[in-house]
Protein chains: 2
Amino acid sequence: MLRLTKKADYGLMALKYLAEHPDSVSVSAKDIADTYGIPPQLLAKVLQRLTKVGLLRSHAGMNGGYELSREARRISAFEVIHAIDGPLFITSCTKGSKSCDLEPNCTIKEPLARVNESIAGVLKSISIYDLVDAETAAGRSAEMLVTLMHS
Amino acid sequence: MLRLTKKADYGLMALKYLAEHPDSVSVSAKDIADTYGIPPQLLAKVLQRLTKVGLLRSHAGMNGGYELSREARRISAFEVIHAIDGPLFITSCTKGSKSCDLEPNCTIKEPLARVNESIAGVLKSISIYDLVDAETAAGRSAEMLVTLMHS
DNA sequence: CAGTATAGGACTGATTTTGTCGCAGTTCAA
DNA sequence: TTGAACTGCGACAAAATCAGTCCTATACTG
C-alpha cells in the first residue's frame with residue numbers, strides 16, 4: 001500500500017541517471033530505458049511529462065534527448081512524483097476540490113491532512129541529488145526525524 | 001497518488017467511531033456502516049481483519065459487535081493501515097522479499113527506503129485518539145516536523 | 001532527404017480495488 | 001428451541017486504475 005506507481009519510479013530513476021551523467025549533453029529516453037530495462041515508450045511518456053512541467057529540457061532530432069533543467073540538488077522527489085502521479089492525497093476521499101461523499105462527512109479527512117503534509121514534507125526534503133549520494137545531509141535529516149518521532 | 005485504499009479509510013473511521021463511543025459495550029458493523037454510509041458488508045470485512053490482527057475484540061450473536069482491544073491512544077494509524085493494506089512500500093519494485101526486477105538494480109530503492117521509514121514514523125506517531133481530538137500533542141508534533149523539515 | 005528523436009493520442013490487457021452474495025457458526029432472548 | 005441479529009469467510013462480479021503498445025505527427029541533424 002501507499003506506493004508510487006511504476007511511472008513515478010521510472011521518472012525518479014531517469015532523473016537520477018541524468019544527474020549521474022552531467023557530462024553528456026543530452027541523453028535519449030531509449031538510452032535510459034535500455035540501461036534499466038524499462039519499456040522505452042513508457043519512459044518516453046514519463047520524460048515528456050517531466051519536460052512539460054519544466055523539470056527537464058528536451059531536444060528533438062538526432063543526438064537529441066533530455067537534460068535536467070536545474071541542478072539535481074534543486075529538484076525534489078516531491079516535484080517528480082507530483083508531476084507524474086498527480087497530487088498527493090493520503091485519504092482516498094479527497095478527490096481534488098470535491099469534499100468527501102461519505103454521509104455526515106469523512107471525519108478522518110481533516111486530521112489526516114496533517115499527515116499528508118508531513119509526508120509531502122519528507123518528499124520535498126529529498127532531492128534527486130540525494131538519490132545519487134545516499135549519504136547526504138537531507139538523507140540523514142530524514143533519518144533523524146524518524147528517531148525524533150519515535151521518542 | 002500515494003493514497004490509502006478506501007478500506008483503510010473505512011477502518012480508521014470505524015476505529016475513530018469506536019473511540020468516540022466507549023460507553024457502548026459493543027457496536028455492530030452495521031451501526032457504523034449506517035452512520036457513515038459505508039457498504040456494510042465491506043466494512044464488516046475490514047473489521048474482521050482488524051479483529052484478526054488483534055486491534056479489535058469481536059462478539060458474535062445478538063447485540064454483538066466490536067470494541068477496541070486497547071485504548072485508542074495506544075492504537076496507531078500505522079497498525080490499522082498495515083493490517084488492511086499490507087506492508088508499506090513507497091517504491092513499486094519492492095514486492096516483499098524479492099528484489100527489484102529492473103535490470104542492473106533499482107538504483108532508487110535503497111535511498112527511498114529512508115523515505116519509507118519516515119512516512120511509517122509519521123503514521124506510527126498518530127493514534128486513533130489523535131483522530132478524535134485533532135488538537136493533540138502528536139498532531140502538533142507532526143506539524144512541527146513539517147516546519148522543521150522545511151527549514 | 002534520411003535517420004533519429006521527441007510529442008502525444010488511442011487503445012488494449014493486466015492488476016487492483018471495491019463491492020456483492022451466499023452460507024456457516026454464534027449468541028441472545030422470547 | 002427457534003428465530004433474529006450478529007460475526008466469519010470464501011468466491012465472485014463490477015469498476016477503476018495502471019502498464020504497456022501502437023501509430024502518427026513533428027522537430028532536428030547531417
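In what follows, chains carry the letters A, B, and so on, assigned in the order in which the sequence lines appear, proteins first and then strands, with residues in each chain numbered from 1.
- How far CZ of A:R70 is from CG of A:L56: 10.0 Å, rounded to the nearest 0.5 Å.
- Rounded to whole angstrom, the span from the CD1 atom of B:I84 across to the P atom of C:dT16 amounts to 18 Å.
- The distance between atom NZ of B:K6 and atom P of D:dA16, rounded to the nearest whole Å, is 9 Å.
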- [ ] Check the pair A:Y66, A:S26 against side chain to side chain contact (heavy atoms under 4.5 Å, CB included), reporting the backbone distance first and the verdict last.
- [x] CA-CA 5 Å; A:Y66 298 90; A:S26 74; 5.9 Å; no

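- Side-chain proximity of B:P39 to D:dG20, D:dC6, C:dG19: nearest is C:dG19.
- Put simply, the side chain of A:Q41 and the base of D:dC23 share a donor and an acceptor less than 3.5 Å apart.
- The side chain of B:Q48 lies closest to D:dT7 when the candidates are C:dT18, D:dT7, C:dT4.
- Formation of a donor-acceptor pair under 3.5 Å by the A:S28 side chain with backbone atoms of A:G65 is not found in this model.
- Here the C1' atom of nucleotide D:dG20 and the OH atom of A:Y10 are 9 Å apart, to the nearest Å.
- Across the protein-nucleic acid pair, B:L43 atom CG and C:dG19 atom C1' stand 12 Å apart, rounded to whole Å.
- Nearer to the 5' terminus of DNA chain D, by closest-nucleotide assignment, is the contact made by B:S28 (compared with the other of A:A8 and B:S28).
- Look at CD1 on A:I38: it is 16 Å from C1' on D:dC18, rounded to the nearest Å.
- For B:N63 and D:dA5, the CG to P distance is 10 Å, given to the nearest whole Å.
- Side-chain atoms of B:K45 and base atoms of C:dT20 include a donor and an acceptor less than 3.5 Å apart.
- Atom CE in A:M62 sits about 14 Å away from atom P in C:dA2, given to the nearest Å.
- Here the side chain of B:A60 is nearest to one of C:dG25, C:dA7, C:dT18, namely C:dG25.
- Put simply, A:H59 has a side-chain N or O that comes within less than 4.0 Å of OP1 or OP2 on D:dT29.
- For D:dG8, one of the phosphate oxygens OP1 or OP2 lies less than 4.0 angstrom from a side-chain nitrogen or oxygen of B:S58.
- Taking atom CZ of A:R57 as the reference point, atom P of D:dC28 lies 15 Å away to the nearest angstrom.
- Side-chain N/O atoms of A:Y66 include none lying less than 4.0 angstrom from OP1 or OP2 on C:dA5.
- Each of A:A44 and B:L42 was matched to the nucleotide of DNA chain C holding its nearest heavy atom; the match closer to the 5' end belongs to A:A44.
- For the atom pair CG of B:L12 and CG of A:L112, the computed distance is 6.0 Å after rounding to the nearest 0.5 Å.
- With rounding to the nearest 0.5 Å, the separation of OH in B:Y129 from CD1 in B:I75 is 14.0 Å.
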